[in-house]
Each structure stands twice: as C-alpha cells, then as structure tokens.
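Here is the structure we will look at.
Scope of the values below: all heavy atoms of this structure, side chains included, with no hydrogens, waters or symmetry mates. Just so you know, these numbers come straight off a predicted model, no measurement behind them.
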Amino acid sequence: MKYTAARAYRAVLALTTRLEEGLAELRRRPDRGDISITTVIIWVAAVTGALVIAGTIAVIIAKYNGNLNGI
C-alpha cells in the first residue's frame with residue numbers, strides 16, 4: 001500500500017500512452033479494422049446454422065427421451 005499512488009500513476013500513464021498510440025494509428029490508417037459485409041454474412045450464417053443444429057438435437061433428445069432412458 002506504500003506505493004499505491006505511484007502504481008496508479010504508472011497505470012494511468014501506460015493506458016493514456018496506449019490510447020494515444022491507438023488514436024495516432026487510426027489517424028494514419030482510417031480504414032483499419034473495417035469489416036466487410038461478406039464477413040458479417042458468413043458469421044451470421046455460421047451462428048444461425050449452429051443454433052439450428054443445436055435446436056434440432058434438443059428436439060430429437062426431447063422426443064426420444066423416454067426411449068433413451070434404458071440405454
């Protein structure tokens with residue numbers, strides 16, 4: 001606890017420096033990090049497919065739950 005103020009100051013200084021560097025990079029390359037619409041469509045399709053598969057498995061397990069108890 002003796003050096004809490006010094007540690008807090010260093011942490012704030014490090015975060016401020018990192019933020020300033022990130023903003024400078026953003027000014028240099030404004031298109032950095034743009035996600036194309038194709039990528040978004042692929043991700044949405046993948047997540048939707050996974051949810052459909054999980055839902056189908058849940059429905060099948062619920063339907064045949066009584067038959068699976070003896071296994």
ask   = With a 4.0 Å cut-off, would you call Arg28 and Glu25 a salt bridge?
value = yes
inquiry  = Just verifying a value: how many Å separate Glu20 CD and Thr17 OG1, rounded to the nearest 0.5 Å?
reply    = 6.0 Å
ask   = Would you say Leu23 and Leu15 are hydrophobically clustered, going by side-chain heavy atoms of ILVMFWY under 4.5 Å?
value = no
ask   = How far does CH2 of Trp43 sit from OG1 of Thr48, to the nearest 0.5 angstrom?
value = 12.5 Å
request  = Starting at OG1 of Thr56, measure out to CG of Leu51 and round the result to the nearest 0.5 Å.
outcome  = 10.5 Å
